[in-house]
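The chain is numbered in sequence order, starting from 1.
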Amino acid sequence: MTSMASFVNEVEEAIASKDSSRRVDTLRRLSGLFVDQEPALNEGHVEIFDEVILRLSRDLEQRARIELSEKFSDLTKAPRKVIRSLAFDPDSAVAQPVLERSIRLDDDDLVMIAKARGQDHLLAISKRGSLSERVTDVLVNRGDEVVVRSVAGNDGARFSEGGMSQLVEKAREDTALQSTLQSRRDIPPKQMKRLVEIAQEQARLVLKAELGEKAAADVDAAVAEVASAVASTTGTGVVTDNFDAAIKAIQRKAGSSGLIENDVLEWVRSGQIDEALAALAHLAGVPIQVVARAYRSPHYDPLLFILRSVKFGWGTFKAFLTVKAGRAPPPEILRGAFEAFQQLSVQTAQRVVRFTAARERATQTDAA
């Protein structure tokens, strides 16, 4: 009892003292005591610690407050007033640990901080394990590119209809955000369709910039062909084809020794087209139906996009064209294909393939 009374007196003296080093030392001892005792404390005990630690921690140097923030950020019963004081600190280095992890902050706190503080605070909030629609509305509205990408990639974040619409519109100028949104499973069909439209328009613009305005008609046809390769369910019979055996074989191959371009080329040359298409779909990250329709298209553009997206060479593309035609294509066809192959960058091809995958997701959602 004498020891505890002595410690209480020491705390009171430290609070009254203007000696910051003494206050920091006492704060460390008191916060350490709280951490040790936290599992056994009730809310009444926590409130007592809360008042004392709050008084001790005010106006201390940055290093001491960062240390306190780190120490309390993961505690289930962390003192609420202290947590709020740290979270509202103008110094983002102090606020970051509790903003990212403390469950003692409620939506009102987070919304208030998101409206009042800068981008570093918003970024920390965007990384929390779960976020309500109220909070994400503010993050999407006020956040810069880094914040918006972060919250869009947070699987624990939930978005209102307005917040999701705003995210999709921001994706118009941000291809990285487009990719992040396309991977989310909670995008409503209406917003997914809009995202696909944006991706399609950007694919056109990029291709026209690369190939020149004179190629505008061919570019529009190419992008439309890729889109139809995803959406079409008639004319090729691909939807009813059974690729199950080929897909299983490719999965075993990928799981054991991996897949490389030479594997695909050998399958093409040996006439194992199902295996070649399944491998290409696996490497490109698109459904087998997309690759099969591209292969059976009367034009070579859809297949070119997929092959370039996985960085395959001209020899493999030529082999596919030869098998498609059943013989060596005419020289003029090969020249045109070779020029298209050289002009189409891997980055652009990958962007179009991402659009293709997003379009497929939208189509499947509508069908469901």
Sequence neighbours excluded, every pair satisfying ring-ring contact (aromatic ring centres under 6.0 Å, His included) that has a member inside residues 56-111: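 Sorted pair list: F34-F72.
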If the condition is side chain to side chain contact (heavy atoms under 4.5 Å, CB included), which residues does [X] pass it with, not counting sequence neighbours?
| X | answer |
| --- | --- |
| N141 | Q166 |
| S256 | none |
| A124 | Q96, L99, E100 |

Show me the donor-acceptor pairs within less than 3.5 Å that the side chains of residues 306-314 make with the rest of the protein, sequence neighbours left out.
unit_1: R308; atom_1: NE; unit_2: L344; atom_2: O; d: 3.0
unit_1: R308; atom_1: NH2; unit_2: L344; atom_2: O; d: 2.9
unit_1: S309; atom_1: OG; unit_2: I306; atom_2: O; d: 2.7

Taking side-chain hydrogen bond (donor to acceptor under 3.5 Å, both in side chains) as the definition, give me every residue that meets it alongside [X], ordered by chain and number, with sequence neighbours left out.
| X | answer |
| --- | --- |
| N154 | none |
| T322 | none |
| D36 | none |
| R142 | none |

Ring pair (Phe, Tyr, Trp, His ring centres under 6.0 Å) with F159: which residues, sequence neighbours excluded?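 F159 satisfies ring pair (Phe, Tyr, Trp, His ring centres under 6.0 Å) with no other residue.
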Please list all pairs passing the salt bridge (charged side-chain N to carboxylate O under 4.0 Å, His left out) test where one or both residues lie in residues 164-179, with sequence neighbours left out.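 For residues 164-179: R149-D174, E169-R172, E169-R194.
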What residues, two or more places apart in sequence or in another chain, satisfy salt bridge (Lys or Arg N to Asp or Glu O under 4.0 Å) together with D155?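 Scan of D155 (salt bridge (Lys or Arg N to Asp or Glu O under 4.0 Å), adjacent residues dropped) gives none.
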